[in-house]
Protein chains: 2
Amino acid sequence: MAEESPINKLLAFIKTRVNLTEDDVRLIDDSFEPVLFPKNRIIEEQEVVPKYIYYIISGYLRLFHYNDHGDEITSHINCPPGFITSYSSFINQKKSTENLESITESELLRITKKNLDRLTLKSTAMKDFSISIFQQSIEYNENRSKELATLTAEQRYRKLMVNFPDILHNVPVAYIASFLGMKPESLSRIRRKVAN
Amino acid sequence: MAEESPINKLLAFIKTRVNLTEDDVRLIDDSFEPVLFPKNRIIEEQEVVPKYIYYIISGYLRLFHYNDHGDEITSHINCPPGFITSYSSFINQKKSTENLESITESELLRITKKNLDRLTLKSTAMKDFSISIFQQSIEYNENRSKELATLTAEQRYRKLMVNFPDILHNVPVAYIASFLGMKPESLSRIRRKVAN
DNA sequence: GTTTATACTTGACTTTTGTTAGTTAATACT
DNA sequence: AGTATTAACTAACAAAAGTCAAGTATAAAC
């Protein structure tokens with residue numbers, strides 16, 4: 001029976017989507033590097049080419065940037081199981097407009113673009129898996145756009161609570177408000193209303 | 001000197017991103033099919049797997065669906081130069097949640113998923129080009145999410161006018177309002193305000 | 001443990017956007 | 001051309017979300 005190491009968790013996640021040979025498993029094992037970050041650590045910085053894509057073993061992370069007034073805008077929040085990076089910048093290996101930051105202490109598995117390319121060349125299963133991850137990112141953003149365009153602030157909050165009920169215990173409400181496209185004061189009011 | 005046929009327009013567009021061999025050109029020529037649609041024609045239907053991705057030679061098109069109240073929600077509007085399809089559904093060849101409709105009379109070049117796969121297998125340039133189109137779609141939706149989350153209705157309208165100044169002469173304001181995530185009455189008010 | 005700083009909430013008010021209903025303008029039909 | 005139909009605009013009001021300025025709770029620092 002497989003030990004619950006970070007790599008085994010990643011392998012289990014990959015196997016929910018594609019079938020892996022023993023060679024695939026060895027390649028994956030060689031390509032990903034485990035890292036641990038304390039809370040509130042900037043992991044990838046804006047104006048810099050993102051070096052890694054990260055699989056989240058534990059912890060909460062976010063992508064954010066500064067708007068014209070110097071306020072932080074949180075564009076993405078994620079937790080296990082899943083990957084996080086500034087996707088379009090990582091794929092194209094061009095400067096990111098976003099910072100990647102750990103919100104809580106985070107156990108991650110990271111891989112460089114170069115090693116991911118090597119991995120997807122050597123393993124057709126991993127090529128399929130990689131494509132599925134980026135397709136999922138397209139779907140995610142199409143859906144996020146749709147929700148922001150059509151739902152009220154309260155409806156967006158309710159959907160988030162259904163999909164990520166634990167987020168409130170781990171992520172500051174100011175980040176959540178920004179991610180949902182509203183002010184912290186508005187989220188506060190909505191939370192009070194929804195609670196009763 | 002190249003004639004301004006639909007295929008030559010597409011080739012010119014592709015050449016702005018990748019270099020094409022003579023073989024590539026021949027393959028592309030064989031793979032895309034020119035089609036003409038009158039205005040207000042449903043080209044791909046929701047609940048059906050999208051058959052083609054379309055390169056727009058002329059005309060305006062949109063993606064839309066019906067919400068719980070039966071109202072049309074326009075999630076995307078496009079015009080030349082560029083492609084249009086329900087991306088995530090087309091890539092995965094699964095049922096779309098969106099209708100693709102011509103807003104004005106539209107000249108298009110279409111290609112099936114099967115032929116696109118064949119084309120990208122035979123031509124590395126077209127593989128690179130294809131990837132760049134899907135990467136652009138990721139960037140587009142990331143940016144659209146950001147704008148919907150952070151900009152006011154008026155700011156979103158102003159940005160659209162800067163980027164697509166001709167859209168008002170070709171697309172009903174009701175579609176534009178829906179696309180911008182507001183009601184037609186709000187857009188009407190904003191337009192009057194911005195005009196003065 | 002007390003203090004300090006930060007995060008979150010609350011209330012009063014303003015601004016923005018949605019709603020409803022009526023009017024005008026544009027388009028389609030015969 | 002004249003009528004019917006649909007699209008777009010307007011105005012008055014309601015609801016939602018933002019702003020500003022407190023206050024309270026929570027967590028960090030000493």
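Lettering of chains follows the sequences in order, A, B, ..., and the numbering in each one begins at 1.
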Detail all sub-3.5 Å separations between protein N/O atoms and N/O atoms belonging to nucleotides 7-12 of chain D.
residue: D/dA8; atom: OP1; partner: B/Val173; partner atom: N; Å: 3.1
residue: D/dC9; atom: OP1; partner: B/Arg191; partner atom: NH2; Å: 2.8
residue: D/dC9; atom: OP2; partner: B/Ser188; partner atom: OG; Å: 3.1
residue: D/dC9; atom: O5'; partner: B/Ser188; partner atom: OG; Å: 3.1
residue: D/dT10; atom: OP2; partner: B/Arg192; partner atom: NE; Å: 3.3
residue: D/dA11; atom: OP2; partner: B/Arg192; partner atom: NH1; Å: 3.2

Between [X] ([atom1]) and [N] ([atom2]), how many Å, whole number?
{"X": "B/Lys193", "N": "C/dT17", "atom1": "NZ", "atom2": "C1'", "value": "12 Å"}
{"X": "A/His69", "N": "D/dG18", "atom1": "NE2", "atom2": "C1'", "value": "13 Å"}
{"X": "A/Asn170", "N": "D/dT26", "atom1": "CG", "atom2": "C1'", "value": "16 Å"}
{"X": "A/Ile103", "N": "C/dA7", "atom1": "CD1", "atom2": "C1'", "value": "15 Å"}
{"X": "A/Lys183", "N": "D/dG18", "atom1": "NZ", "atom2": "C1'", "value": "7 Å"}
{"X": "B/Leu180", "N": "C/dG18", "atom1": "CG", "atom2": "P", "value": "11 Å"}
{"X": "A/Gln155", "N": "C/dG18", "atom1": "CD", "atom2": "P", "value": "12 Å"}
{"X": "A/Glu154", "N": "D/dA17", "atom1": "CD", "atom2": "C1'", "value": "12 Å"}

> A/Ser186 side chain N/O closer than 4.0 Å to the phosphate oxygens (OP1, OP2) of D/dG18?
Replying inline: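 So the side chain of A/Ser186 is within the cut-off, an N or O lying under 4.0 Å from OP1 or OP2 of D/dG18.
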> Angle class for the B/His76/B/Phe179 ring planes (parallel below 30°, perpendicular above 60°, tilted otherwise)?
Replying inline: perpendicular
> Which class fits the ring pair A/Phe32 and A/Phe83: parallel under 30°, tilted 30 to 60°, perpendicular over 60°?
Replying inline: tilted
> Between A/Ser75, A/Ser86, A/Ser89, which is the residue that forms a side-chain hydrogen bond (donor to acceptor under 3.5 Å, both in side chains) with A/Glu98?
Replying inline: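 The side-chain hydrogen bond (donor to acceptor under 3.5 Å, both in side chains) with A/Glu98 is passed solely by A/Ser75 among A/Ser75, A/Ser86, A/Ser89.
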> Only one of B/Asp29, B/Asp30, B/Asp23 forms a salt bridge (charged side-chain N to carboxylate O under 4.0 Å, His left out) with B/Arg26, so which one is it?
Replying inline: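 By the salt bridge (charged side-chain N to carboxylate O under 4.0 Å, His left out) criterion, B/Arg26 pairs with just one of B/Asp29, B/Asp30, B/Asp23: B/Asp23.
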> Quick one: on DNA chain C, does B/Lys39 or B/Arg156 contact a more 5' nucleotide (nearest heavy atom)?
Replying inline: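 Taking each residue's closest nucleotide, the earlier one in sequence belongs to B/Arg156.
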> Should B/Glu185 and B/Arg189 count as an ion pair when the cut-off is N to O under 4.0 Å?
Replying inline: no
>> Is there a side-chain hydrogen bond (donor to acceptor under 3.5 Å, both in side chains) between B/Ser88 and A/Glu142? Walk through the geometry before answering.
In response: CA-CA 9 Å; B/Ser88 57; A/Glu142 281 179 0; 3.0 Å; yes
> The side chain of B/Ile190 lies closest to which of these nucleotides: D/dA17, C/dG18, C/dT17?
Replying inline: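 Closest nucleotide to the B/Ile190 side chain: C/dT17.
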> What residue among A/Asp71, A/Ile73, A/Asn67 forms side chain to side chain contact (heavy atoms under 4.5 Å, CB included) with B/Thr150?
Replying inline: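 Per the side chain to side chain contact (heavy atoms under 4.5 Å, CB included) rule, the option paired with B/Thr150 is A/Ile73, out of A/Asp71, A/Ile73, A/Asn67.
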